[in-house]
Amino acid sequence: MDVILAIVIFIVSYFFIMTERINRAIAALSGGALLLLTGIYTTDDMFFQYIDWNTIALLFSMMVLIAITEKTGLFTFIAIRFAQSVRGDPMLLLIGSVLLTAIGSAFLDNVTTVLIFVPVMLKITRLLKLPAFPYLLMIIFSSNIGGTATLIGDPPNIMIGQAVEHFTFLTFLAHTAPVALILLVLLIIISYLLFQKQLSTYQPNLNELLSIDAKENLIQSALLYKSITVLLMTILGFLLHAIVHVEMTAIALTGAILLLLLTENELKTEEILSKVEWVTLFFFIGLFTIVGGLQHAGVIDEIARLIVVSTEGDYVKTTLLILWISGLASGFIDNIPFVAAMIPVIHEFETYGMVYLDPVWWALALGSCLGGNATLVGASANVVVAGLAEADNQRISFLRFMKYGILIVVLSLIVSTIYIYVRYLIPYMG
């Protein structure tokens, strides 16, 4: 009965999230409330086991840092300079945003990157009177592809890196970065084919753009220097977190609290907190609760076991099936609990005589990271971009996003299949 109830509540919640008949956060939180009322799990389970407070705290901290920094006009300054550097060309802006987001997502993490970069792109599109949707869409896709490339780029990679002792930052760079680079090139080609015709109809006033003095929007005060210093220190902390052995959430929280303390006399704390995307944060909380229902009822564990049974321990079948199952499942079930369920299962594969498991781990990493592009709730970065866009009156429709997302994910999984087969499976079979 618990399994049926958990699945029904998940499907109903997803229906309302997808159709957007009610607010996404309310739909997700209602699902969590129903799971509590029906006794699927307890409040202790919900708050201490299934809600990922590390993710919530990391998002909150970055939102505070961005909200304070935005008061200095820094993002407007960067937006104008970026637009001027490509002379307002809509397609060059799109390609530039794809490249910058991918690089940032690989060496920071994709959530931090979109929190920094989306406000900039929203200002550029408003300045040049361009449609925001193509830019936001490609930022999401490139953030997840870029995050796939490194150990710290996406939460599933961090979890896999912790589960496999011999996987380091350089190991991920050698094994997942090549396929991410191929997909990035394909994404640029796809963005051109999808939006070139639409964006070519927009002709920004170049003289007006070039005449703008970007520095006029920059408030050169103590607030600016404090914000830039703390933001750069936080980003540096993210880069060095594996070396200094401090969690990224702790670094982000410390940065946010430090900047609030340093700017207390210049900005009201209440004003800053009002700029936090609370709807996005509560949507995440609700999403964790409904996925937690599936976890508690054993649905995710059962999916993992079925993979083992269906392949009968066959090395090639297991590797490719994990790639596709994790890719398709991560679009609809948050990839963090799915990867958490799969890690012990893959360790168990050794009992089937599979000694060399590296290709299986790479299949899980690629599938879970790239599969997040399928829907607006497939990855943390997607939800954050949707929240920032909604706050700027640029709402992204769930179904409209999924129309493009499924295409990108299927293409990504096909490329990943070829990559894994050629690089790992052919040598193994040989």
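Below, all heavy atoms of this structure are taken into account, side chains as well, without hydrogens, waters or symmetry copies. Everything quoted here is computed from the prediction, not taken from an experiment.
The side chain to side chain donor-acceptor pair (under 3.5 Å) test applied to Tyr50 returns His296, not counting sequence neighbours. Checked against side chain to side chain contact (heavy atoms under 4.5 Å, CB included), Asn265 has no partners two or more places apart in sequence or in another chain.
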**Prompt:** Do Val64 and Ile257 pass the side chain to side chain contact (heavy atoms under 4.5 Å, CB included) test, and can you show the C-alpha distance, the side-chain angles, and the key distance before you say yes or no?
**Reply:** CA-CA 9 Å; Val64 169; Ile257 294 166; over 6 Å; no
**Request:** Begin from the C-alpha positions of Leu136 and Leu122 and carry the test side chain to side chain contact (heavy atoms under 4.5 Å, CB included) through to its verdict.
**Result:** CA-CA 8 Å; Leu136 297 175; Leu122 287 170; 4.2 Å; yes
**Phe283/Trp278 under ring pair (Phe, Tyr, Trp, His ring centres under 6.0 Å): CA gap, chis, key distance, verdict** = CA-CA 8 Å; Phe283 175 62; Trp278 294 106; over 10 Å; no
**Request:** Under the ring pair (Phe, Tyr, Trp, His ring centres under 6.0 Å) rule, what do Phe401 and Phe141 come out as? Steps first, then yes or no, please.
**Result:** CA-CA 11 Å; Phe401 178 90; Phe141 292 156; 5.5 Å; yes
**Request:** Go through Thr249 and Trp53 one step at a time and tell me if the side-chain hydrogen bond (donor to acceptor under 3.5 Å, both in side chains) criterion holds.
**Result:** CA-CA 9 Å; Thr249 303; Trp53 293 111; over 6 Å; no
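Within the 4.5 Å cutoff, the side chain of Leu151 has no heavy atoms near those of the Thr168 side chain. The shortest side-chain heavy-atom distance between Val118 and Tyr135 does not fall under the 4.5 Å cut-off. Side-chain contact between Leu65 and Ile116 is absent, with no heavy atoms from C-beta onward closer than 4.5 Å. The closest side-chain heavy-atom distance from Asp392 to Leu388 is not below 4.5 Å. Side chains of Thr113 and Ser143 form no contact here, defined as non-hydrogen atoms less than 4.5 Å apart. Here the side chains of Phe332 and Met402 are in contact, with some heavy-atom distance below 4.5 Å. Under the 4.5 Å side-chain criterion, counting only non-hydrogen atoms from C-beta, Val111 is not in contact with Met62. Between Val383 and Leu376 there is no side-chain heavy-atom pair separated by less than 4.5 Å.
At least one test fails for Arg24 against the ring of Phe398: distance under 6.0 Å to the centre or angle within 45° of the axis.
In this pair, Phe172 and Trp362 present their aromatic rings perpendicular. The plane angle is above 60°, beyond the 30 to 60° band. Ring geometry, Phe133 versus Phe195: the interplanar angle exceeds 60°, so the pair is classed perpendicular (tilted spans 30 to 60°).
The OG atom of Ser142 sits 10.0 Å away from the CD1 atom of Ile103 when rounded to the nearest 0.5 Å. To the nearest 0.5 Å, the span separating CD1 on Ile285 from CD1 on Ile56 amounts to 4.5 Å. For the atom pair CD of Glu277 and CZ of Phe60, the computed distance is 12.5 Å after rounding to the nearest 0.5 Å. Taken from CD1 in Ile17 to CD1 in Ile26, the straight-line distance is 11.5 Å, to the nearest 0.5 Å. Rounded to the nearest 0.5 Å, atoms SG (Cys369) and CG (Asn110) are 8.0 Å apart. Distance check, rounded to the nearest 0.5 Å: CG of Leu58 to CG of Asp52 gives 9.5 Å.
No donor-acceptor distance shorter than 3.5 angstrom exists from the side chain of Trp324 to the backbone of Gly367, with no hydrogens or angles considered. A donor-acceptor pair is defined here as one N or O able to donate and one able to accept, closer than 3.5 Å; such a pair exists between the side chain of Asn157 and the backbone of Thr148. A donor-acceptor contact shorter than 3.5 Å is absent between the side chain of Ser330 and the backbone of Gly327. Of the possible donor and acceptor atoms, one in the side chain of Thr375 sits under 3.5 Å from a partner among the backbone N and O of Gly331. Judged by distance alone, the side chain of Ser416 and the main-chain N or O of Leu413 form no donor-acceptor pair under 3.5 Å. Without hydrogens or angle criteria, Ser105 side chain to Ala102 main chain gives no donor-acceptor distance under 3.5 Å. Checked by atom type and distance alone, the side chain of Asp213 pairs as donor or acceptor with a backbone atom of Lys215 at under 3.5 Å. Using a distance-only test at 3.5 Å, with no hydrogens or angles considered, a donor-acceptor pair links the side chain of Asn382 to the main chain of Gly372. Listed for the Gln84 side chain is a donor-acceptor partner under 3.5 Å among the backbone atoms of Ile212. No donor-acceptor pair closer than 3.5 Å links the side chain of Thr263 to the backbone N or O of Glu266.
The shortest non-hydrogen separation linking Thr289 to Leu35 is O-CD1, 3.3 Å. Closest of all the heavy-atom pairs between Leu357 and Ile346 is CD1-O, 3.4 Å. Between Pro156 and Val339, the shortest heavy-atom contact is CB-CG2, 3.8 Å. Considering all non-hydrogen atoms of both residues, Ser97 and Met121 come closest at CB-SD, 4.0 Å. For the pair Ile145 and Ala180, the tightest heavy-atom approach, listed with the atom from each and the gap, is CG2-O, 3.4 Å. In terms of heavy-atom proximity, Thr280 sits nearest to Gly387 at OG1-CA, 3.1 Å.
Side chains of His175 and Tyr424: a donor-acceptor N/O pair is present below 3.5 angstrom, by distance only. Side chain to side chain, Thr72 and Thr69 fail the donor-acceptor criterion of an N or O pair below 3.5 Å.
The only option from Gln196, Met91, Gln198 that meets the side chain to side chain contact (heavy atoms under 4.5 Å, CB included) definition with Pro134 turns out to be Gln198. Of the candidates Asn373, Asn144, Leu370, Asn373 is the only one forming a side chain to side chain contact (heavy atoms under 4.5 Å, CB included) with Val409.
For Trp361 and His347, the ring centers sit closer than 6.0 Å to each other.
A salt bridge is defined here as a Lys NZ or Arg NE, NH1 or NH2 lying under 4.0 Å from an Asp or Glu carboxylate O, and Lys123 with Glu70 meets this definition.
Other residues, nucleotides and ligands contribute more than 12 heavy atoms inside 6.0 Å of the CZ atom of Arg423. Within a 6.0 Å radius of OH in Tyr421, other residues, nucleotides and ligands contribute 12 heavy atoms or fewer.
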